[in-house]
Amino acid sequence: MSNKEFLTSSLAKKFVMAATGLFLISFLVVHVSINSLIFLNDGGETFNVAAGFMAHNIIIRIMEIGLFVGLLMHIYQAWILTQENKKARPVQYAVQNETASKWYSRSMGILGSLLLIFLAVHLYNFWYPTKVAVAAGTEHNTYNELKEVFTGELWFVFVPVYILGVVSLGYHLLHGFPSAFQSLGFNHKKYTPLINAIGTGFSIIVPLIFALMPLAFLLGILD
Amino acid sequence: MSGNMNLTLKVWRQKNGGSKGELVTYPVSDISPDMSFLEMFDVLNDQLVTEGKEPIAFDHDCREGICGMCSMHINGHAHGPKDQVTTCQLHMRSFKDGDTIVVEPWRAAAFPVVKDLVVDRSSFDRIIAKGGFISVNTGNAKDANNLPIPKVDADKAFEAAACIGCGACVATCKNSSAMLFVSAKVAQLSLLPQGKAEASQRVLNMVAQMDEEGFGSCTNTGACEVECPKGISIQNIAIMNKEYLKASVVSEQEAQ
Ligand code: SF4
Ligand code: FES
């Protein structure tokens, strides 16, 4: 790299946030597409085939490592930026009018933290048992596991956690999606309105599909 | 006079940079709605001097919205409640009789309080000194037609050039980020042929200085462009980001 500040400057940190953010968004596209297969309502047959592929395919396994690295970079950089930004205003205003920006734009840290808590629960529910099964070489029915989590004894814990998780995701995306393009220097009179519209649509539709899964199980729409 | 207002002001008083400040309450009466906000402060200061008290220190110069000196955070808004005006261009008719108005200095580590409402904005000067200019040899003015500039670029550069360096963007941003200010200058000069020669060096140097001064980082909340008295758009920040990427990855230039 021709200049060393490129890796440490305030702008570089924004680039990292944006690039990792977009990478995580691309993962969501894959995740939500596979999840949608349960709505075929075939008892999870197609869904399990897709889930099995994701759990065993070597290329997907390698990409999974990339995904965790991307996630950790996103979290680490956000943490550093938050600390620096706090330091930049040591004395707060007695009166601060907040109408100039959206609450979720100012609350990305909180939304991200909620997402992280959700993610921990989520990984514990599905990722971890799958890993154990793959390691042991045993048969693994992800669909049945979904059903167990969302309609089992602890449904009243898990369903609200999942709903809260995806709502946080929605607001996090509502800011993050267009913000990533702005940070990477892409703000164009012709395309930015389109990016904003796609961002808003994505932020509503993706969390909605995620939320419909536990609800569909709980309401007995899927068996 | 009828229609005049009585107000309660809560103003930040601070002896100097090292001392602890506090909000002090001052009643003012018989304020004409046609006064500017700063004229209302003149009335209050007159009153304080007559009472043998220390007048309130505040920055101002042109009082016509062009110099960028005035800098009051009024009821939670940089330059007060109206859009696209500076404090000196804000009139008392924007308030109601009986209102309580809280006035604070800009808050940022990079804008330390000097006294009362006066903050030290020389960090902006140091950023500009790092690249907010073009280097040209003087001599005869060139024929303007020698340098054709597309209308869209000219317009954008002109809009960015409207920045008066007041610091309201920093004051408003929850991160005390100076990116709107810095990007306005970077964008203005990078859009014009005269500024292109030094574009890479400029953006690297100015961003490095901005970071060194202790401003926060932009998180794209967009609050700065809402409170900016000159309507500078955050599209300039995207232009700066792009220029910085280009300068860091494509060019061989280094920050100096
Ligand atoms: S960008 Fe706007 S708010 Fe910031 S210094 Fe320039 S004129 Fe003031
Ligand atoms: S005093 Fe010059 S802009 Fe307000």
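Being a predicted model, the structure only gives us computed values, none of them experimental. Each chain gets a letter, A, B and so on, in the order the sequences are listed, and its residues count up from 1.
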For the ring pair [X] and [Y], is the centre-to-centre distance below 6.0 Å?
| X | Y | answer |
| --- | --- | --- |
| A:F217 | A:W155 | no |
| A:Y162 | A:F210 | no |
| B:F41 | B:F37 | yes |
| B:F181 | B:F215 | no |
| A:F158 | A:F118 | no |

Would you mind checking which part of [X] comes under 4.5 Å of any heavy atom in chain B, side chain (CB onward), backbone (N, CA, C, O), both or neither?
| X | value |
| --- | --- |
| A:F181 | neither |
| A:K86 | neither |
| A:T99 | side chain |
| A:Q92 | backbone |

Looking at chain B, which one of [options] has the largest number of heavy-atom pairs inside 4.5 Å, strictly under?
| options | value |
| --- | --- |
| A:F186, A:F15, A:Y104 | A:F15 |
| A:S101, A:S105, A:P178 | A:S101 |
| A:H175, A:K189, A:K102 | A:H175 |

(request) Keeping to residues at least two apart or across chains, list the side-chain hydrogen bond (donor to acceptor under 3.5 Å, both in side chains) pairs with something in residues 65-74 of chain A. (result) A:T20-A:H74
(request) With salt bridge (Lys or Arg N to Asp or Glu O under 4.0 Å) as the test, would you mind laying out the steps for B:R121 and B:D59 before giving the verdict? (result) CA-CA 11 Å; B:R121 283 170 283 181; B:D59 264 330; 3.2 Å; yes
(request) Considering only heavy atoms, give the residues of residues 98-105 of chain B separated from chain A by less than 4.5 Å, sorted numerically, with 'none' for an empty result. (result)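 Result: B:V102, B:E104, B:P105.
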Taking side chain as everything from C-beta outward and backbone as N, CA, C, O, which of these in [X] sits under 4.5 Å from a heavy atom of chain A? Side chain, backbone, both or neither.
| X | result |
| --- | --- |
| B:C218 | both |
| B:I234 | both |
| B:L245 | both |
| B:V170 | backbone |
| B:A78 | neither |

(request) Check for a donor-acceptor pair, side chain of B:R202 on one end and backbone N or O of B:K196 on the other, with a separation under 3.5 Å. (result) no
(message) When you measure from the side chain of B:N241 to the backbone of A:Q182, do you find a donor-acceptor pair of N or O atoms at a distance under 3.5 Å?
(response) yes
(message) I'd like to know if A:E84 and A:K13 make a salt bridge, using a cut-off of under 4.0 Å between side-chain N and carboxylate O.
(response) yes
(request) Look at B:R13 together with B:E22 and state whether they make a salt bridge at an N to O cut-off of under 4.0 Å. (result) no
Between [options], the one whose heavy-atom pairs under 4.5 Å with chain A are most numerous:
| options | answer |
| --- | --- |
| B:C173, B:G222, B:P81, B:S233 | B:C173 |
| B:M210, B:K246, B:H77, B:M240 | B:H77 |
| B:E243, B:E225, B:Q235, B:K10 | B:Q235 |
| B:R107, B:K242, B:M179 | B:R107 |
| B:A108, B:A109, B:G216 | B:A109 |

(message) Check this for me: A:I110, atom CD1, are more than 12 non-hydrogen atoms of other residues, nucleotides or ligands nearer than 6.0 Å?
(response) no
(message) Heavy-atom count check: over 12 atoms from other residues, nucleotides or ligands less than 6.0 Å from A:L219 CG?
(response)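 Counting other residues, nucleotides and ligands, CG of A:L219 exceeds 12 neighbours.
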(message) Is it true that B:N175 and B:S217 share a donor-acceptor pair across their side chains at a distance under 3.5 Å?
(response) no
